[in-house]
Enquirer: 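This structure is in structure tokens; I'll ask about it shortly.
Lettering follows sequence order; numbering is per chain, from 1. Note that the structure is a prediction, hence the values are computed from the model and not measured.
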There are 2 protein chains.
Amino acid sequence: MVTLKDIAAEAGVSVMTVSRVVNGQLSKVSDANIQKIQKIIEKRGYVPSQSARSLSSRSSKIIAIVAQGDGDILEYPYNASMIGQIGSLIQKHGYSPMLYFASEYQGITKKLHAWNVDGAIFLGTFDENLEKIQSDNKIPLIFTDCYSPIRQITNVGLDDFKGGVMAARYLLKKGHTNLAFVGSSTDISGVVRQRLKGFASVCTEAGYRLSAEQVLPDAPTLPALKTLCSGSHPVTAFFASADRLAITLMRQLHELGFRVPQDCSIIGFDDLPTSSYITPSLTTIRQDIHLKAETAVDLLFRHIANAKAPAENIILDVQLIERESVSSLPPDR
Amino acid sequence: MVTLKDIAAEAGVSVMTVSRVVNGQLSKVSDANIQKIQKIIEKRGYVPSQSARSLSSRSSKIIAIVAQGDGDILEYPYNASMIGQIGSLIQKHGYSPMLYFASEYQGITKKLHAWNVDGAIFLGTFDENLEKIQSDNKIPLIFTDCYSPIRQITNVGLDDFKGGVMAARYLLKKGHTNLAFVGSSTDISGVVRQRLKGFASVCTEAGYRLSAEQVLPDAPTLPALKTLCSGSHPVTAFFASADRLAITLMRQLHELGFRVPQDCSIIGFDDLPTSSYITPSLTTIRQDIHLKAETAVDLLFRHIANAKAPAENIILDVQLIERESVSSLPPDR
DNA sequence: CTGAAAGCGCTTACAG
DNA sequence: CTGAAAGCGCTTACAG
């Protein structure tokens, strides 16, 4: 392996002079030496050792992407897209993204310490351990979709409540009055809860209260669905708190013999790439995942550049994307 | 930051004794010291510095996941799933996965050298630079889906040819005789080419030659599709070299007014989670992505454990998954 | 079972 | 503009 010392020896200078050239402190080195050293570096294919740098400078140039769960979470397009974008942007900043799947809180601090990480971006819900994570790690920490009551947190989230409101208003506008919500009720993240809250608030306001049976878990059973969509006062439209769930639901309704959107309408949340390709294409509340990733990375590097940068909570907007999965009901029925 | 030295001082022993405990060389330390030291480590929350370790031991415990392209490739479920599984397995082995998006060859060697990486797994096509990458990096390197003629490469791939054969045989068995193939013809990877070769070989054997118009690019135009599926001798079945393309194609056919599978049949390749959820659900050639990731990681650690382990080329099998997107044609038509 | 010494490849801080 | 010295936090290799 080629080291600073090798280059210095070949150039007939000290390692410090080479170090300055490597680090672009060109104003401190004579032009003659710059030329000579750069040529040798090129020729020998010298690459600085990051572990040596990390050890002596106390900056590792590593950013941890901490994701709650295990490798399976990348099966969800939302997570995959976030990790891809975040990783790519980190790399463009000259840093290296390290992936860490967190199952328990302990491991996170260990990982960040062991690698002397310069910062971390969190995907998933860490609300329970947020304070501990923050007090144990005095580096920039960016959270996403965090609904913790703690204020001193830098977070980039979504207007989930508004998304729920928009979904409900849209369905009501289309003439649907008997609605249902799909999304894990046991969800620990605030995200689903906020979407439901927004949705329910509009229903209540319009005089249509959501009963307990109209708030369905992640994977409702076929019989439960059938009951819900039959009878004298059937549910005619669903709000699924994720496109992924909307697509599953679509399939289930199809299996039960209901046509979407003629018999049952569905509106989703996320706007995944697939959502526009399936038939019927999915009407949904769109979030801009690329913008979210970009915002998180920007925030991170702003805090790396300035350790005193204030905690910020950035809430991104959502948007209704009208497609084919919601039908209009006759005005009075 | 707590260091070995701090622990040693508090325990009244040398750093070496602490180091031995930290590294589990317990047979070399007295029980009394083990107890005492472990207690102090626990209490102080000591975590070894990986950069110091990497610098002194010449093993970084980092594995690079090198993916061709940029962050966008995680929008493809195949890549996302592979990266998730590989990353997770690396972590379970006590190593840390570092993500690297490679656009040009140069960067790869630099990255691997800079971080003194212990091994790397490659996603995508690096055939052109394979030899250089291998000769520049004397560490275990695992490739995936590589069709390079170079033999000294450790690779885990798929029986893509057989997949093509199975798709063609299935469509013929269902009575389809006028077939078409969808998949980027300019694809540099051998993968698509092999799938096409297998597919075409069966067609030819059965006396149905694929004309140039029947080999479609990634995103065929609507008019081209329409022409193909109309006229006196229309194409009645498509083989898409990826489920993602099959789903797009399904949408396009729908827009043209063709019903799948009544008017046009489609068989895909991959078996993504979505493929079973859409309507009609997709008949496809399945590959086991989890097994592929597992095989790659196993191979990697076998080579890390034994630097002399021979190059291996492991080819995983594929499987036909019958669902709803292919119809039976009357025997003679 | 224990430890003193040297070194991994850099950077920081200083002196000139 | 240049460099000698010290140190980052470990491990290797050796001596006892």
Enquirer: Suppose we define a pair by two distances each less than 3.5 Å, Watson-Crick or G-U wobble; what does D/dT2 pair with here?
Expert: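 The base-pairing partner of D/dT2, which may sit in any strand shown, is C/dA15.
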
Enquirer: Taking protein heavy atoms under 4.0 Å as touching, what does nucleotides 3-16 of chain C look like 5' to 3' if B marks base contact, S marks sugar-phosphate-only contact and - marks none?
Expert: BB--BBBBBB----

Enquirer: Say whether, by atom type as modelled, one donor and one acceptor occur between the side chain of B/T295 and the main chain of B/L291 under 3.5 angstrom.
Expert: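 A pair under 3.5 Å: yes.
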
Enquirer: Quick one: does A/N23's side chain have a donor or acceptor within less than 3.5 Å of a partner on A/S19's backbone?
Expert: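 The answer is yes, because a donor-acceptor pair under 3.5 Å joins these two groups.
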
Enquirer: I would like to know whether A/N155 and A/I314 meet side-chain contact (heavy atoms from CB on, under 4.5 Å); could you show each step before the answer?
Expert: CA-CA 6 Å; A/N155 175 63; A/I314 298 185; over 6 Å; no

Enquirer: Whether B/K61 engages the ring of B/Y95 as a cation-pi pair (distance to the six-membered ring centre under 6.0 angstrom, angle to the ring normal within 45°) should be assessed.
Expert: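 Relative to the ring axis of B/Y95, which defines the angle, B/K61 lies inside both limits.
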
Enquirer: Just checking B/S27: base, sugar-phosphate only, or nothing, at a heavy-atom cut-off of under 4.0 Å?
Expert: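 Counting heavy atoms under 4.0 Å across all strands, the contact made by B/S27 is with sugar-phosphate only.
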
Enquirer: When you measure from the side chain of A/S135 to the backbone N and O of A/E131, does any donor-acceptor pair fall under 3.5 Å?
Expert: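 The answer is yes, because a donor-acceptor pair under 3.5 Å joins these two groups.
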
